[in-house]
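Chain A is the first sequence line, chain B the second, and so forth, proteins listed ahead of strands; every chain is numbered from 1.
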2 protein chains.
Amino acid sequence: MSIETRHLRCFLAVADTLHFGRAAEQLHLAQPAVSRTVRQLEREVGTELLTRSTRSVALTAAGEEYAARARAVLDQVGLAGEAARNIAEGRSGVLRLGVTGAATYGYLPDLARVAAAAIPDVRLHVETEMLTPQQEQALVEDRLDLGVLRSPVGSPDVDHVVLRPERLVVALPESHPLAAGGPDTVVDVADLADEDFVTYADRSGSVVLRAVLAACAEAGFVPRRPHQVTATATAVALVAAGRGVSLLPETASALTLSGVTFRPTTTGQQLDLALAWPAGRRRPVVTRLLEALHEAGLAPRVPQDRPGPRHTPTTTPQEASA
Amino acid sequence: MSIETRHLRCFLAVADTLHFGRAAEQLHLAQPAVSRTVRQLEREVGTELLTRSTRSVALTAAGEEYAARARAVLDQVGLAGEAARNIAEGRSGVLRLGVTGAATYGYLPDLARVAAAAIPDVRLHVETEMLTPQQEQALVEDRLDLGVLRSPVGSPDVDHVVLRPERLVVALPESHPLAAGGPDTVVDVADLADEDFVTYADRSGSVVLRAVLAACAEAGFVPRRPHQVTATATAVALVAAGRGVSLLPETASALTLSGVTFRPTTTGQQLDLALAWPAGRRRPVVTRLLEALHEAGLAPRVPQDRPGPRHTPTTTPQEASA
DNA sequence: GTGCACTCATGCCCTAGAAGAATCAATCGT
DNA sequence: ACGATTGATTCTTCTAGGGCATGAGTGCAC
């Protein structure tokens, strides 16, 4: 046999009242049951916790210590349940978030602010510079809870909601002739034909890269791409250094580096910033965040999670909270 | 019904193996029992902890959190038992110690050193300047575990062992004529007849005061006592300030203050420094300390605690460990 | 000092509920 | 499509936790 919380509750009742009968009453038990249960506990612990002398009861020094710890244990059991419920109902917990390059600067700060305000006890685990397909896979494999990515979303096991249509803007060195006009001066993509381009690297599936190449093709040229980067900040830094120009989603213009100016462009290419989650097993904390974002005007209304494919978690479950 | 450690162990086994059958095996139970117990736990906690899909099992986020906390709870239950056993076997715990005035300086430091060395996890709660009868009463009433006091011990409910016979020494201002000789020069008590004496106050039962008065009577005079103090250090300080002389137990001479010299005296009065504990309920930590003191040559051999009067703890039990 | 009242322990019995066995249902892989 | 695997369900069995009656020890009253 081993120690059950029943034993602890019983012992604590006696420790509080210093009276078996009174303790029994308090526990809605008969006195002999209390006697036996406490004795079992002592036997299990391996030492006397109470000094009984048919007329009175006192705690031994060991019993004092044990009582304090037993109380802590019962508290912890209660708190554990509360913590679990909080997580289950989205009031706390780790939210594993993936973010594409540009959205890190134009959307993540707002999201983080809303999350902190709406969910008292949320901890964000953010992975940035994740391409859309990477995020999709991570969502399906339960390595992410929520992705900030660009549609189109391919996987049927990932649900998403479009946040806003985005145009491509051009990042120009401040000294560039095309940056001469006011901030609203629209730059014709065709005028960039002779520029060096800073683009994302040819990793598989960058939605932005595809849009950039399409915009250039639309304007009738294939961009020269001497500089290829994997992080948005690097692209902007290279532009600031005068190494070329870069077509980026609007959100990237939040990343203001001295020496860089952003201008709207003529391209019809459109990028959709979106939030995505695993279909059918959207975490409550995600649902709560989506609602908060909606209320803050940072996301559209999002319906209940559809039952979805209930994909059996195959490999890695959620990582343990450290 | 409420949550028992049985539920936690069951759940943790499943959380570890992610397999009900395997968990059952590990727990020496049949699979259905595990199923039911985990379900009970979930019902009790109020939320799903596991995602089951007949082919596989995974923890929910709430389950991850709960598992971590449940593990902590079981650990704590184990540690609580260990802590209790340690206290019961005298390897740790609070030792409430009373010390008479002079012994604070001549014996307590040694005792504290030995205690720290012999008992890994002991905490001393020391009350100093306690007169012998005060200590006796505190021992009987379970407000002290061990007293450093002076025999004779009156109460039959207090056992004691004499540490050493002590002579009275005289504390003299450095400039005093009697302090002229070497440190071994014996001072005749009769020569102090015309001095101002610094003595303990006339509180009831100071063994030292009684011995001092007896020594003076022996030498044929009644001391003039313009200064009465309640703390040994104060007495020595007053002597240092040249306000008088003081007869003190040898142990007090460990309290070297500049301006004070100690000299042996001719008096036959004897004081016994002793260790005392409540008869019949000597705490294990005390027993252990007594043994250690014996091994260090700081106390005589002390026998097992006699069964004693097994005095029912009437009023205050041991104070809770803070 | 004797008796009474109080309180914790013990023995016996009973039943609630925990565990086992057999079976079902769902899902994945071949 | 079928078999293998695995968790859930049902029914039965039996353990052990709880109640009742009682005993034993102790302090208190008179």
* Asked: Quick one, which residues of residues 23-32 of chain B touch DNA chain D with a heavy atom under 4.0 Å?
  -> B/Gln31, B/Pro32

For nucleotides 23-25 of chain D, print each protein N/O atom paired with a nucleotide N/O atom at under 3.5 Å, atom names and distance only.
residue, atom, partner, partner atom, Å
D/dG25, N3, A/Thr54, OG1, 3.3

* Assess whether side-chain contact (heavy atoms from CB on, under 4.5 Å) is satisfied between B/Leu50 and B/Tyr66, documenting all intermediate values. => CA-CA 10 Å; B/Leu50 294 168; B/Tyr66 199 82; over 6 Å; no

List, one per line, each side-chain donor-acceptor pair under 3.5 Å for residues 8-22 of chain B, sequence neighbours excluded.
residue, atom, partner, partner atom, Å
B/Arg9, NH1, B/Thr5, OG1, 3.1
B/Arg9, NH2, A/Ser2, OG, 2.8
B/Arg9, NH2, A/Glu4, OE2, 2.9
B/Arg9, NH2, B/Thr5, OG1, 3.3
B/Asp16, OD1, B/Arg71, NH1, 2.9
B/Thr17, OG1, B/Ala13, O, 2.8
B/Thr17, OG1, B/His19, N, 3.3
B/Thr17, OG1, B/His19, O, 3.0
B/His19, ND1, B/Gly21, N, 3.1
B/His19, ND1, B/Arg22, N, 2.9
B/His19, NE2, B/Arg22, NH2, 3.0

Expressed in angstrom and rounded to an integer, what is the separation of [X] atom [atom1] from [N] atom [atom2]?
{"X": "A/His7", "N": "D/dA16", "atom1": "NE2", "atom2": "P", "answer": "12 Å"}
{"X": "A/Arg6", "N": "C/dA18", "atom1": "CZ", "atom2": "P", "answer": "10 Å"}
{"X": "B/Arg36", "N": "D/dT10", "atom1": "CZ", "atom2": "P", "answer": "11 Å"}
{"X": "A/Arg43", "N": "C/dA9", "atom1": "CZ", "atom2": "P", "answer": "15 Å"}
{"X": "B/Leu18", "N": "D/dT6", "atom1": "CG", "atom2": "P", "answer": "13 Å"}
{"X": "A/Glu44", "N": "D/dG17", "atom1": "CD", "atom2": "C1'", "answer": "15 Å"}

* Check step by step if side-chain hydrogen bond (donor to acceptor under 3.5 Å, both in side chains) holds for A/Thr132 and A/Arg150. => CA-CA 6 Å; A/Thr132 295; A/Arg150 308 213 171 263; over 6 Å; no

Any idea which of [options] is nearest the [X] side chain?
{"X": "B/Phe20", "options": "D/dG19, D/dG7, C/dG20", "value": "D/dG7"}
{"X": "B/Arg39", "options": "C/dG20, D/dA8, D/dG18", "value": "D/dA8"}
{"X": "B/Ala33", "options": "D/dG18, C/dA9, C/dA19", "value": "C/dA19"}
{"X": "A/His19", "options": "D/dA8, C/dT7, C/dA19", "value": "C/dT7"}

* Member of A/Glu136, A/Gln137, A/Gln135 meeting the side-chain contact (heavy atoms from CB on, under 4.5 Å) criterion with A/Leu144 -> A/Gln135

* **Touch class at under 4.0 angstrom, heavy-atom based, for A/Gln40 against every strand present** => sugar-phosphate

* Asked: Do the side chains of B/Leu41 and B/Thr37 get nearer than 4.5 Å, heavy atoms only?
  -> no

* To do: List the steps, then state whether side-chain contact (heavy atoms from CB on, under 4.5 Å) holds for B/Leu111 with B/Leu289.
  => CA-CA 9 Å; B/Leu111 181 147; B/Leu289 174 59; 4.2 Å; yes

* **B/Arg96/B/Asp142 ion pair, N-O < 4.0 Å** => yes

* Residues A/Thr100, A/Val207; criterion side-chain contact (heavy atoms from CB on, under 4.5 Å); working and verdict -> CA-CA 10 Å; A/Thr100 59; A/Val207 175; over 6 Å; no

* Structure fact -> Between B/Ser92 and B/Asp121, the two heavy atoms sitting closest are CB-CB, 3.3 Å

* Asked: Would you say a side-chain N or O of B/Ser35 is under 4.0 Å from OP1 or OP2 of D/dA8?
  -> yes

